[in-house]
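Notes follow once the structure below has been shown.
Every chain is numbered from 1, with letters handed out A, B, ... down the list of sequences.
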Amino acid sequence: MLSILGPSYRFCDGLSRRSFLKFGGLAMGGLSLPQLLQAEAKTASATRHKSVIMVFLSGGPPHQDMVDLKMDAPAEIRGEFRPIATRVPGIQICEHLPRLAATMDKWVVIRSLVGSEGRHAAFQCNTGWPVAQQPPGGWPSLGSYVSKLKGPADPGIPPFVGLSPKMKGGPWADPGQAGFVGPAHAPFTPNANGTGAQALGGLSVDRLSNRRALARQLDRLKQAADINGALSGADAYQEQAFSILTSGKLAEALDLEREDPQLRDRYGRGSSEPAGYGDAGPLLNDYFLAARRLVEAGARVVSLAYGRWDWHGRPHGTTFDNARDHLPALDQGLTALVQDLENRGLLDDVSIIVWGEFGRTPRINKNGGRDHWPNVGCALLAGGGMRSGQVIGATDRLGDHATERPVHFQDVLATLYHRLGLDINHVTVNDYAGRPRYLVDHTRFQPLAEVI
Amino acid sequence: MYSLRLVHTLTHPNAVYAVAYSPDGQRLATASLDNTIKLWDAKSGQELARLRGHGDGVCGVAFSADGKRLFSASLDRTVKFWDATSGTTLATVGGPGDYIECFAVSADGKWLATGSHDKQIRVVSAESGSVKVVLSGHSDAVFSVALSKDGKWLASGGNDDSLRLWNVESGQQRTLSGQDGVPQSVVFRHDDQVLFAGGSTGRIEAWNVATGERFMSLEGHRGLVKALAMSFDDAMLASGGSDGTVRLWDAKSGALLAVSGGHKNTVYGLAFSPIGRQHASASFDRTIKVWNVIEEAP
């Protein structure tokens with residue numbers, strides 16, 4: 001989105017005021033210039049902002065092989081894994097999540113996630129709504145709502161950042177759509193062009209830091225604008241936007257080479273190659289570290305997709321082969337993130353949600369895998385000042401359906417909005433038809449009382 | 001007594017399904033779910049080349065008898081022939097059907113066999129790539145396949161719980177009984193008189209090929225026995241399983257000689273070096289481990 005080089009040529013063909021604003025807006029994750037200037041004024045505030053890190057486990061993680069093991073079920077349902085005790089008496093999780101178990105006091109395990117549309121997509125995790133039912137303009141994702149309602153916490157950092165790369169499985173790569181709050185509130189996506197975490201829409205970190213190069217680009221922009229007369233009155237905005245864009249803070253946040261190598265190792269680094277079939281995101285633990293750096297620097301919402309969890313079995317490995325591959329990496333990355341946030345005094349201000357689009361079938365199929373199971377799934381919450389060290393909800397003996405405290409996707413999002421300081425019972429935003437829309441369906445879904 | 005001493009740990013960025021030694025023992029080829037094949041110097045462990053071209057994971061790999069070519073089978077439903085020096089693709093065979101699940105090459109280097117999720121087994125000429133025969137009979141995916149030394153006999157294990165011996169020429173088959181659930185892996189002894197099959201709950205069974213009699217059972221693995229390999233002198237059998245262990249057995253007596261727990265995930269591929277006492281194991285944990293077999297003093 002920070003394609004400074006591209007738009008300069010487009011603008012030469014005819015620059016409009018809207019184009020310039022789009023340029024500035026796109027570069028900062030969709031902020032309009034007035035918002036950028038307002039953000040500058042707000043930076044004097046000493047109040048620590050609240051953030052959310054959303055970890056999307058692309059493909060539908062197997063709840064019964066992770067946090068809701070069914071040892072009383074028959075072998076064809078139970079699976080290969082054994083439960084282990086955790087730090088919290090009475091809570092047991094999979095043997096391949098030992099670090100999570102050791103820090104269970106910091107986590108909330110939701111075993112009864114319900115309401116899945118059953119579609120392979122991040123959309124419902126991002127918005128709470130199914131893809132199929134959308135108002136004019138489309139449902140905004142959590143990050144876009146927050147961008148709209150809260151604006152940036154720091155003028156040098158977009159309020160909403162999506163770290164996921166491009167993927168063959170397109171709907172999994174969805175970092176969060178702006179919907180009817182408008183494209184100005186779309187996420188800033190540094191990795192979406194496939195050039196890596198440190199390349200920003202084709203502009204490398206080095207070049208972003210090169211103010212002279214940026215100044216030349218903006219000068220060409222201004223010349224074109226002067227010719228077209230499209231930017232009358234924009235000079236002041238231009239100068240201030242330039243300063244914001246070149247503050248270097250965003251580039252620094254994304255530059256993991258600046259981080260202590262030992263800490264980076266603690267997170268686990270990971271592989272940048274797509275996991276599994278190759279149509280999803282990578283098992284890249286660097287994403288967790290980047291998310292921490294971004295929220296610390298001022299991002300309000302960071303989304304990322306992690307791994308490929310759609311394990312239907314052979315010939316792409318059984319669900320247990322894939323779980324033995326993914327779970328240790330997830331275990332290491334998540335616990336490092338939580339510990340790191342706590343060490344920096346940030347954990348109470350940063351809510352973490354880890355989930356996928358649905359659970360997986362109780363019965364293991366003939367190829368050693370589990371198939372899609374929208375009936376019930378699981379989620380993990382941490383941070384945000386939430387009451388942790390507990391399990392919410394339960395499923396039946398087979399992991400088939402929720403038997404206690406069903407938790408809808410929108411209950412979880414309501415909780416996250418609450419932690420961000422947004423009252424889901426009162427806050428509305430108009431859709432494209434002018435109809436005021438609540439952030440979630442507040443008549444049916446509310447923040448989880450067990451955690452707030 | 002024997003022990004397994006780890007010599008190298010080689011890596012792919014995704015699960016590794018198969019490993020093969022070149023006929024002179026100087027190189028290793030490894031096949032991965034990352035859609036590529038890697039070539040390695042077996043002595044130094046240095047990566048020599050990465051062969052790209054398959055559109056999905058690579059589930060089988062083998063050198064030609066003269067070591068000049070490489071064969072690979074992939075989940076993209078094709079078998080590729082490669083120049084083992086330049087890494088260029090020489091030919092691509094296959095296409096229709098379903099995922100290829102298993103792959104084998106005859107010891108004389110003349111025949112390749114694939115077992116597929118379309119329940120069929122295809123025997124292909126290693127020289128021309130032409131399909132010699134398609135063997136049908138399994139009622140579910142073919143999970144394991146092995147060829148006799150001269151390619152005249154074929155053993156297959158299916159997800160239909162059956163272990164079958166085929167006469168490749170006539171297509172006739174007979175079912176062997178007594179295996180441990182779905183046969184996950186099969187291998188002929190080099191004299192073709194004995195067939196070993198790795199099962200689903202940890203057992204390895206041995207059959208007399210001529211009579212069909214099951215005469216030996218090796219126990220120790222926990223879970224699937226996904227990989228089997230015979231040493232070139234037929235003295236040792238190596239096995240790998242979903243328990244992540246590699247086990248070495250006396251192929252004649254069935255005695256357990258050594259165990260290594262070096263892998264963190266299912267061992268899917270095994271191969272003995274033609275020289276010395278060395279073998280390599282390939283695992284879903286994204287690594288290939290090269291082991292020297294050390295005979296310990298009594």
Are there any donor-acceptor pairs closer than 3.5 angstrom between chain A and chain B, and if so, which ones?
from	atom 1	to	atom 2	distance (Å)
G276(A)	O	N14(B)	ND2	3.1
R314(A)	NE	E101(B)	OE2	2.9
R314(A)	NH1	Q184(B)	OE1	2.6
R314(A)	NH2	E101(B)	OE2	2.8
P315(A)	O	Y17(B)	OH	2.6
H316(A)	NE2	D56(B)	OD1	3.1
H316(A)	NE2	D56(B)	OD2	3.2
G317(A)	N	Y17(B)	OH	3.0
D321(A)	O	N265(B)	ND2	2.8
D321(A)	OD1	T266(B)	OG1	2.4
D321(A)	OD2	Y268(B)	OH	2.4
R324(A)	NE	N265(B)	OD1	2.7
R324(A)	NH2	T266(B)	OG1	3.1
D325(A)	OD1	R286(B)	NE	2.8
D325(A)	OD1	R286(B)	NH2	3.4
D325(A)	OD2	R286(B)	NH2	2.8
K366(A)	O	N159(B)	ND2	2.9
K366(A)	NZ	D140(B)	OD1	3.3

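Residue-environment remark: CZ (R363(A)) stays at or below the threshold of 12 foreign heavy atoms within 6.0 Å.
Of the listed residues P315(A), A275(A), P328(A), the one with more heavy-atom pairs under 4.5 angstrom with chain B than any other is P315(A). The most heavy-atom pairs under 4.5 Å with chain A, out of P13(B), C59(B), A141(B), come from P13(B).
Interface residue L75(B): only side-chain heavy atoms are found under 4.5 Å from chain A. Residue P282(A): no heavy atom, backbone or side chain, is found under 4.5 Å from chain B.
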